[in-house]
Amino acid sequence: MSKTHNFELVIFGGTGDLVTRKLIPSLYSAHFHGNLPANSRIIALGRKSLTKEEYCQYALDKAKLAKVEIDTRQWEKFAKLLDYQILEAGNLPDFEALKSNINTDINNIFYLSTAPNLFKTICENLAKVGLNHGKSRLVLEKPLGHDLKTAKDINDFVATYFKEDQIFRIDHYLGKESVQNLMAIRFGNTLFEALWRRQWISSIQITIAENLGVGTRGDFYNETGALRDMLQNHLLQLLCIVAMEPPFALDADTVRNEKLKVLQSLKPLHEDSVLNDVVSGQYKSGIDNGEPVRGYVEEDNVPESSTTETFVSLKAEIQNWRWAGVPFYLRTGKRLSHQVAEIVVQFKDIPCKIFPFSANNFANRLIIRLQPEETVQLYFLAKRPGDTNELQPVYLDLDFNKMFTNERRTGGYERLLLDVIRGKLTLFVRRDEQEAAWQWVEPILTTWKKLNITPKLYGAGTWGPAASSALLARDGVSWHEELE
Ligand code: BG6
């Protein structure tokens, strides 16, 4: 583990849900495991009138609510690093007070966990008081923009005050152990590389399915939808890691250059391909784990007439020598049957069959499950024991939790926060990557709007609308769970 330098971490939106549920608990965990230097500081900013002591108590209560395990003595030590300041994003004197409260000789990290419409004002005011200096870093939470234009606007004005290598665009999927392991599986082994191409692979599925509904985030979600919330960022980032060429090193630009090439080689979508190859859905009421659950439009803060999609699946193609002709099926949704994130690599069938074989449509399959468990399963055929030549599918099953029983698995936000503190940009999204991703999804947004496409309803607790299965069936393929 590389050295963590002293820092002043300033968090805008310090009383918000993400900060109290994820960021503070991750920082506490980093402290608990000895990864935060003792003389660093974390200054939460918010509009609520709280003293430092009240904020620490507030953060502790919220962490407990989020079921974070707290050791009281360690928390007391951690709380010494915490501070709180009242700040209005538009009030310059508050920024002057902030400046006088922090040591600008060490790394100053400004984490913007606010609504994106405040980013501009915050950056301007930081610059006005000289806090965009050489040791400043800026962390931007998603959603970064609503479409290509708004993303570019945000990037343009942020670039007025901060250089690209000072900007850390968060996609928390990149901080997950399992996602980094995906790179390790591909580029730390010889085994897969030779097969990882159009000659041997017939299709790839990438799924991030959630079991929960929108919960208390109806307001936010209704303006966002599954395409912007998950596909434009998390799913396309996973696609990049699955499909990229081996980078020659792990430094930020080398890795990000390769990811960018994948996004740039995606076959552009247009009206017809959006109509044929993209399915949107919205959950209606249903049964989840035996309990009745509400439909999306019955959720709090969601208008009854909402046409926001809570599910999206699509077929993408990458136009390069490695992948031409191999369909990539991407899918995400809320209130689906299971919570699971996985990548299913379907290999081509053997050229001719000499064994009698009972199971239909079998070909080798590699399933890399990222969560909730982290496993790799490789399906192949083996001879059934006894006086027969018949084959049957079997699989090799690797469970990383069982493999690494003594090592701690760092949470996504903890890893990313430590990387910001160390100034390591590899696991953050560069501007050109982010805009290339927006550019690719843009025709979906415009076609849905122009043709007034509304999502198809699906029952809560299912795998989405029937059209999603039909999308694959047309190509003679099935979603992974339909094969089991
Ligand atoms: C967030 C989305 O980026 O990712 C949420 O805004 C979603 O809607 C979450 O629930 C999923 O993340 P994870 O780590 O729970 O799979």
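Remember, it's a predicted structure, so these values are computed and weren't measured experimentally. Note: hydrogens, waters and symmetry copies are ignored here, and every other heavy atom, side chains too, is used. Order of appearance sets the numbers: ligands from 1, and atoms from 1 within every ligand.
Every residue meeting the ring pair (Phe, Tyr, Trp, His ring centres under 6.0 Å) condition with His338, not counting sequence neighbours, appears here in chain and number order: Trp463. Residues that satisfy the side-chain hydrogen bond (donor to acceptor under 3.5 Å, both in side chains) test with Glu141, not counting sequence neighbours, are Tyr111, Tyr413. The side chain to side chain contact (heavy atoms under 4.5 Å, CB included) search around Arg322 returns Arg186, Glu193, Trp196, Arg197, Glu245, Pro246, Asn320, not counting sequence neighbours.
Around ligand 1, the residues contributing at least one heavy atom under 4.0 Å from the ligand are Lys142, His172, Tyr173, Lys176, Glu210, Arg217, Asp229, Met230, His234, Lys334, Gln371.
With respect to Arg217 and Asp17, no salt bridge is recorded, no charged nitrogen being found less than 4.0 Å from a carboxylate O.
Proximity of a side-chain donor or acceptor of Arg256 to a complementary backbone N or O of Arg431 within less than 3.5 Å is not detected. Although no hydrogens or angles enter the test, the distance criterion places a donor-acceptor pair under 3.5 Å between the side chain of Asn211 and the main chain of Leu336.
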